[in-house]
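Bear in mind the structure is a predicted one, so any value in this text is a computation, not a measurement. Computed over heavy atoms, backbone and side chain alike; hydrogens, waters and symmetry mates excluded.
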Amino acid sequence: MKTAIFGVWHVHAPDYTRTALKHGEVVGFYEPDDALAAAFAAQFDIPRFASAEELLASDARGVIVCSASNTHADDMVKIANAGKHIFTEKVLALTDADCERVEKAVAQNGVSFTISLFQKYLPARRAVKQVVESGELGNVNYLRFRNCHSGSSNNWLPAHFYNREQCGGGAMIDLGAHGMYLAHWILGEPISAKSAFTLCNQNPGAAAKNTDRVEDNAVTVMTFENGAIAVNETGFVSYCSPVVFEVHGDKGYVYMENNRVIKCTEATGRAQVEVALPEALPLPIEQFVTGNVLPGCGMDEARALTRMMELAYGWRV
């Protein structure tokens with residue numbers, strides 16, 4: 001598929017571009033910020049469009065959206081109205097009302113939509129999901145996901161990732177999105193959420209960037225209709241923290257740490273048993289550019305993620 005890149009604000013824009021180039025042609029990119037555009041152009045021999053309108057008038061069939069989160073809705077409505085298929089970095093938008101605008105434009109123009117909920121397609125996460133779906137855990141009542149990095153404490157996040165207006169928040173709405181959509185994958189949408197957000201970075205360089213004082217250490221606790229609880233832990237201030245995904249039920253548990261998964265259930269006789277990992281599936285960006293989109297990264301899941309963030313930040317009660 002011929003694609004174009006709409007914005008290079010997000011740190012994943014180069015990775016998405018490499019995948020698009022591997023599977024097709026990237027006709028150009030649009031980025032209004034000259035500094036961001038120059039840094040991107042230094043990596044790729046791809047022409048820069050002078051305006052969004054020039055990109056939308058191009059012969060690209062699909063558009064990869066990596067603009068700031070607060071412009072997503074307006075950007076994607078324009079892209080859909082131009083008749084082009086959409087791939088977007090998460091989150092879809094900062095409010096469900098804006099998500100609805102995008103959904104209507106996508107439906108009215110008959111274009112496809114894919115969002116980068118990529119962790120659903122990784123082998124270890126899929127192994128956890130398969131154990132849950134087998135029924136071996138019984139009634140699922142608890143989920144915990146921890147995904148943190150040292151972007152603030154080691155000062156490698158770009159300054160605009162601390163911009164409250166552009167991002168909508170800090171660690172939870174960025175890195176914490178993965179825990180949200182994985183919780184939804186297992187338990188559905190929560191009925192309530194409470195969050196603890198703190199700012200604890202001690203790196204002077206990152207502190208100078210974070211003038212909006214967005215959270216860099218965060219936990220959201222969610223409750224579900226069936227009585228289950230999910231805990232989503234994230235942050236920018238943890239060094240070498242393993243990615244942990246655990247699900248518990250009244251007949252056992254499954255536990256993932258990085259790429260290793262174990263289960264302990266009635267069926268295993270209370271013994272810890274290592275779970276074989278399934279094969280990796282193509283990530284959403286590869287699904288999009290090849291036209292082979294799998295279930296799990298569509299509009300319904302995108303809107304659910306935004307609604308969960310609205311609960312986590314107290315924007316929706």
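- Qualifying side chain to side chain donor-acceptor pair (under 3.5 Å) partners for D34, counting only residues two or more places apart in sequence or in other chains: R48.
- With hydrogens and angles left out, the side-chain atoms of S152 and D216 include no donor and acceptor closer than 3.5 Å.
- Within a 6.0 Å sphere centred on CG of N259, other residues, nucleotides and ligands contribute 12 heavy atoms or fewer.
- Taking the six-membered ring for Trp, F87 and F288 have ring centres closer than 6.0 Å.
- Note: H10 and F161 meet the aromatic proximity criterion, with ring centroids under 6.0 Å apart.
- The six-membered or imidazole ring of F40 lies near that of F29, with a centre-to-centre distance under 6.0 Å.
- Remark: the W9 side chain and the Q166 side chain contain an N/O donor-acceptor pair separated by less than 3.5 Å.
- Using modelled atom types, one finds a donor on one side chain and an acceptor on the other under 3.5 Å when comparing Q43 with R18.
- Between the side chains of S238 and R146, at least one donor N or O sits under 3.5 Å from an acceptor N or O.
- Between Y16 and E286, the side chains place no donor N or O within less than 3.5 Å of an acceptor N or O (distance only, hydrogens not considered).
- Atom CG of D250 has more than 12 heavy atoms from other residues, nucleotides or ligands within 6.0 Å.
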Side chain to side chain contact (heavy atoms under 4.5 Å, CB included) between V244 and Y255, worked out: CA-CA 7 Å; V244 174; Y255 179 88; 3.6 Å; yes
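- Screening residues 177-193 for salt bridge (charged side-chain N to carboxylate O under 4.0 Å, His left out), with sequence neighbours left out, gives E189-R307.
- Side-chain polar atoms of N139 and N226 form no donor-acceptor pair below 3.5 angstrom.
- Between V261 and F245 there is no side-chain heavy-atom pair separated by less than 4.5 Å.
- Ring orientation note: the planes of F236 and Y162 are nearly perpendicular, at an angle over 60° on the 30°/60° scale.
- Ring centroid separation for the pair F145 and H178 does not come in under the 6.0 Å cut-off.
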